[in-house]
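Below, each value reflects all heavy atoms present in this structure, side chains not excepted, and no hydrogens, waters or symmetry copies. Being a predicted model, the structure only gives us computed values, none of them experimental.
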Amino acid sequence: MTPQEEDQMINAEFQSLLQGYLKSNHRKKVEIIERAFKFAKKAHGGIRRRSGEPYILHPIAVAKIASQEIGLGSTSICAALLHDVVEDTDYTVDDIEQNFGPKIAELVSGLTKISGGIFGDRASAQAENFRKLLLTMSQDIRVVLIKMADRLHNMRTLGSMAPNKQYKIAGETLYIYAPLAHRLGLFSIKTELEDLSFKYEHPSTYANIERMICESEECRKNVYENFSAPILKELDQMGLQYEAKARVKSVYSIWRKMETKGIPFEEVYDLYAMRIIFKCPDPAQEKNICWNIYSRITDIYRLHPERTRDWISNPKANGYRALHLTVMGPDGNWVEVQIRSERMDEVAEKGFAAHWKYKIGEGEEETELKAWLGTIKDILENPNPNAIDFLGTLKLNLFATEISVFTPKGELITLPAGSTALDMAFELHSQIGTKCIAAKVNHKLVPLSYKLNSGDQVEILTSQSQTPKPEWINLLNSAKARSRLQSALRKQQTPMIEKGKEILAKFLDDAEVKATNEVITKLMAFYHITSRETLYYKLGAEEITLEGYVLKDSPKTSPGLLKKIFRIGTGTSRNKTASAQGPNIITPEHINTKEIYQLRFNSEEQNFVFAECCHPIPGDDVMGFINDDDRVEVHSLNCEHAQILKATYGPRIVATHWQHIQKTFLAHLKIEGVDRHGILQELTQMISTQLNMDLRSLHIDTDNEVFHCRLTVLLRDNSVATDLCKKIKKISGVQKAVRVKD
C-alpha cells in the first residue's frame, strides 16, 4: 500500500468516527475532535502496530468504540484519540493541557500506562496498574470506559501477538476487565471480551461450539417460532409497539455451562432466551406494562415459580432493569423470557455509566453509580499492601451477585451474595463493624457468621467492650468489609507491627540481604503467612522468631529455600533473566520454550512440574508459569489459579505445546446416577477388563437410591478420558460422567 493509499484509509476511518458522533445526541464539537486527530496523527507518524498497520488506526478505533458502542461524547473521543501520545511519544501531559484543556489532559493522564508497580515487583505491575486505573476512575468514570474501549480493540486485534502474550492478555481480560465491564453494566462489551478471551485460550473448543451453534440454528429457529407465536399474538392484542427476538447464549457462557454442569452441548437446553423490548414514552408506565406482559405469558405457558427475577423493583447494582420469567415451552423445555422497555434495553446493553452526568444529568443512575464508586474508593483508601492480594480482594466484589436486605427502619442495603451479619455491620459503618457482637435477623438472634438472604431484616447489636478480631476475616464476603476490618486491625496492631519491622530490618541487615519484595514474599511463604502486616505483627508479638534455624539448615527447613531467599536479595533472581530474553515461542519438542527452557521429560534434571491444582494431562490446553524454583509449572488454561497467574505475572508466562509422550497420567472422574444392584461391578469390569486401564482409587456413596462415585485412573491423554466418560454413560443407570480436577 502506497503512503497516499494509507493516508486515504486513515482519513476514511476518521470520517467514519465523525459520522457516528454526528448522529448522536451530544453537542457537536467537531473542531476539537479534528484537532485531536491531527495532533495524534502527527505524534504517531511513522509508527506501526505489530500487525503492520499505521499506529494511528488504533486510537481511531478506540475512539469509535467509546463513541458508538458506549455512547460517550467529544471529551472522551479526544482523550481516546490521544490516549497513547504521552506513553509512546515525546509529548507530555502538559502539552495535552496547553492544546486541549485540563479535562482532556486529566483523562489522558489517567489512561497513561504505568511502567512498573510502586511495590518494586514486576509481578505486581498489572495489579498495580489496575489499582491506579480505579483510583482515577473514582474521580472520573470516563477513564475506565475509555480503557474498556482500548482493551476491546486490543482483544479484537490479538491475533498478531505471540502465543504467550495472547495467554497473558486473554487471562488478564477474563480475570479483570470482563467482570468490571459486567459490574459497570457494559453487557455487550463484557460478552465480547469473554468470547475473545476464550477464543485465544481454547481455539479448538471455541471453533467446535461455534460450529454446533451454526448447525443447530435451523432447528432452534423452528423451536423459537413455535414458542413465540402465541406470545406475539397476545402482544399485538395489547396494542404495543415492540420488538421480540431470540437471544442466543454466547460461546463462553455455553462452555461455562457445559463445564460446570458436566453436560454435552446437546443438553444445554437454555441455549436461547426470548427478549421482548417495548416502546414506552412515559417511564412511569414501564413497570405496569412489564407486569401486564408477564400476566399474558403466564396465561399461555406454565411458570417456573423459583425462576422469576424482578429487577425493576430492585435493580442490579450495575443499573440493570428488566423482568425475567421462565416458562415451560411446548417441547417440554424451560425457556427464559426477558421483558424490557427500550430505555431499559439501552442501559442494559451500553451501561448506564455512559449516560451518567454527561448526557442526562442528575438522576437515579448517578446515585447508583456513585454508591458503587464509593465502595471502590473505600477499598482504595485502605489498600492491601500486596497488590496481588488487593486484586483478589477487589475481585470478590467484581464477580459478586447481589442480595438486598433491610435495616430495622426499612432502608434497603445491597450486599454481595453470601454476605454475613458481620458484612452488614461493616457496610453500615466501620465503628458498627468493629463493635459488633451479634445480630437479629427477622427478630431472631443470630451469630456474626450468619449468612443473609434477600429480604432479611437485619438489626446489628454492638458493645463498647468489643474489639475487632483477626479471625473475623473468614466471616466476611464483601471487599468493603474486609478492607474496613483490615484497616481497624492495623490501627490496633500498629505498635507490634512497627516492632516487627525493626526486627526484620535488623535480621536482614545482619545477614547482608537486601529487603526486596521478593525476599519478604519468600519469608511469608516459609512461615505460611499471607500478608506483610501479619508477618510483622507475629515477629513483633514474638509468635515467630528469625533466630536459629532460619539461618541454618535443619530438618525444619530446606537449604535450597533459604539460599533462594538470599540469592534473590542480592539481585540474582531468574526473573530478570527471563524478562530480558524476550517473548517465548511455541516449538514442537515436547513442552518447551525456545531460548529459555528445554523441558526435559525423561531425565534426572526434569525442569518442569505438573500443577497439583488442575492435574493437566496430554491433550489439555496448557500454559507454563516459571516459578521461584526456576521450573515451569504446567497448568490447564481453564484452571482458576492459572487465571490469576496470567492476570498478575505476565512476564513469567510461557507458551507450551504437547507432543507424544510415553507416559501415563492420573485422571479423576466424577460419576453420578441411579443406584442398582451390580452397577459398581459393571463399572470396574469395564475399566479394568474391557478397556485394560489401571484403576488407582474408587470412592462411592449412595443417598436415597442416587449414587455419587469418584475414581482415579491412569491414562495417556484427554481423548482417552473423553472416550471413557462416553462409555461409562452408556452403563444403565449412569446419568453423568465427567473428568474433574481432583
Side-chain angles (χ1 to χ4, degrees), residues 119 127 131 134-135 138 317 371-403 405 407 413-441 446-452 456 458-501 524 527-541 543:
F119 306 122
R131 181 172 172 262
L134 290 170
L135 276 166
S138 64
W372 187 73
L373 291 177
T375 301
I376 291 292
K377 208 164 188 176
D378 196 68
I379 298 165
L380 293 169
E381 282 169 1
N382 295 292
N384 190 315
N386 183 318
I388 294 158
D389 284 352
F390 161 78
L391 189 60
T393 301
L394 192 67
K395 177 176 166 283
L396 285 174
N397 265 15
L398 293 184
F399 279 108
T401 52
E402 295 92 16
I403 59 170
V405 296
T407 66
I413 304 289
T414 302
L415 294 167
S419 291
T420 62
L422 190 58
D423 279 299
M424 171 76 163
F426 276 106
E427 176 70 25
L428 294 171
H429 198 278
S430 294
Q431 286 298 312
I432 296 174
T434 55
K435 299 295 180 185
C436 179
I437 54 171
K440 282 185 178 179
V441 175
V446 298
L448 300 179
S449 58
Y450 181 85
K451 288 200 173 180
L452 303 174
D456 282 344
V458 187
E459 180 185 353
I460 303 298
L461 306 179
T462 60
S463 168
Q464 287 306 308
S465 62
Q466 178 70 292
T467 56
K469 309 286 192 300
E471 57 268 22
W472 283 3
I473 201 77
N474 299 318
L475 307 181
L476 296 173
N477 194 50
S478 75
K480 182 175 183 177
R482 286 185 170 222
S483 174
R484 287 183 166 181
L485 172 61
Q486 286 165 343
S487 177
L489 289 172
R490 278 198 293 274
K491 286 178 186 174
Q492 187 178 308
Q493 298 171 349
T494 297
M496 287 297 181
I497 290 171
E498 290 304 317
K499 184 181 174 185
K501 281 183 182 177
M524 283 160 50
Y527 287 110
H528 304 291
I529 290 169
T530 56
S531 72
R532 286 191 184 209
E533 274 74 15
T534 308
L535 176 66
Y536 297 146
Y537 178 78
K538 284 181 178 288
L539 286 170
E543 291 180 22

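Checked by atom type and distance alone, the side chain of S419 pairs as donor or acceptor with a backbone atom of P416 at under 3.5 Å.
In this structure, the side-chain hydrogen bond (donor to acceptor under 3.5 Å, both in side chains) partners of T420, at least two apart in sequence or on a different chain, are D423. Looking at residues two or more places apart in sequence or on another chain, you find a side chain to side chain contact (heavy atoms under 4.5 Å, CB included) between V405 and I403, I413, L415, M424, L452, D456, V458. In terms of the side chain to side chain contact (heavy atoms under 4.5 Å, CB included) criterion, P495 has no residue partners (sequence neighbours excluded). With sequence neighbours left out, the side-chain hydrogen bond (donor to acceptor under 3.5 Å, both in side chains) criterion links Q492 to no other residue. The salt bridge (charged side-chain N to carboxylate O under 4.0 Å, His left out) test applied to K501 returns E498, not counting sequence neighbours. Under the side-chain hydrogen bond (donor to acceptor under 3.5 Å, both in side chains) criterion, K435 pairs with no residue, sequence neighbours left out.
Scanning all heavy atoms of the two residues, the minimum distance from R484 to H429 falls at NH1-CA, 3.8 Å.
Residue T534 holds its OG1 atom at 7.0 Å from CD of Q493, rounded to the nearest 0.5 Å. Here I497 contributes atom CD1 and L535 contributes atom CG; the two are 10.5 Å apart, rounded to the nearest 0.5 Å. Here the straight-line distance linking atom CD of E543 with atom OH of Y537 works out to 6.0 Å at 0.5 Å rounding.
With contacts defined as side-chain heavy-atom distances shorter than 4.5 Å, the pair L422/L485 does not qualify.
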Output a table of donor-acceptor pairs, distance under 3.5 Å, between side-chain atoms of residues 462-471 and any protein atom two or more places apart or on a different chain; print 'none' if there are none.
residue: S463; atom: OG; partner: S465; partner atom: N; Å: 3.3
residue: S463; atom: OG; partner: S465; partner atom: OG; Å: 2.9
residue: Q466; atom: OE1; partner: K469; partner atom: NZ; Å: 2.9
residue: Q466; atom: NE2; partner: C436; partner atom: O; Å: 3.0
residue: K469; atom: NZ; partner: T467; partner atom: O; Å: 2.9

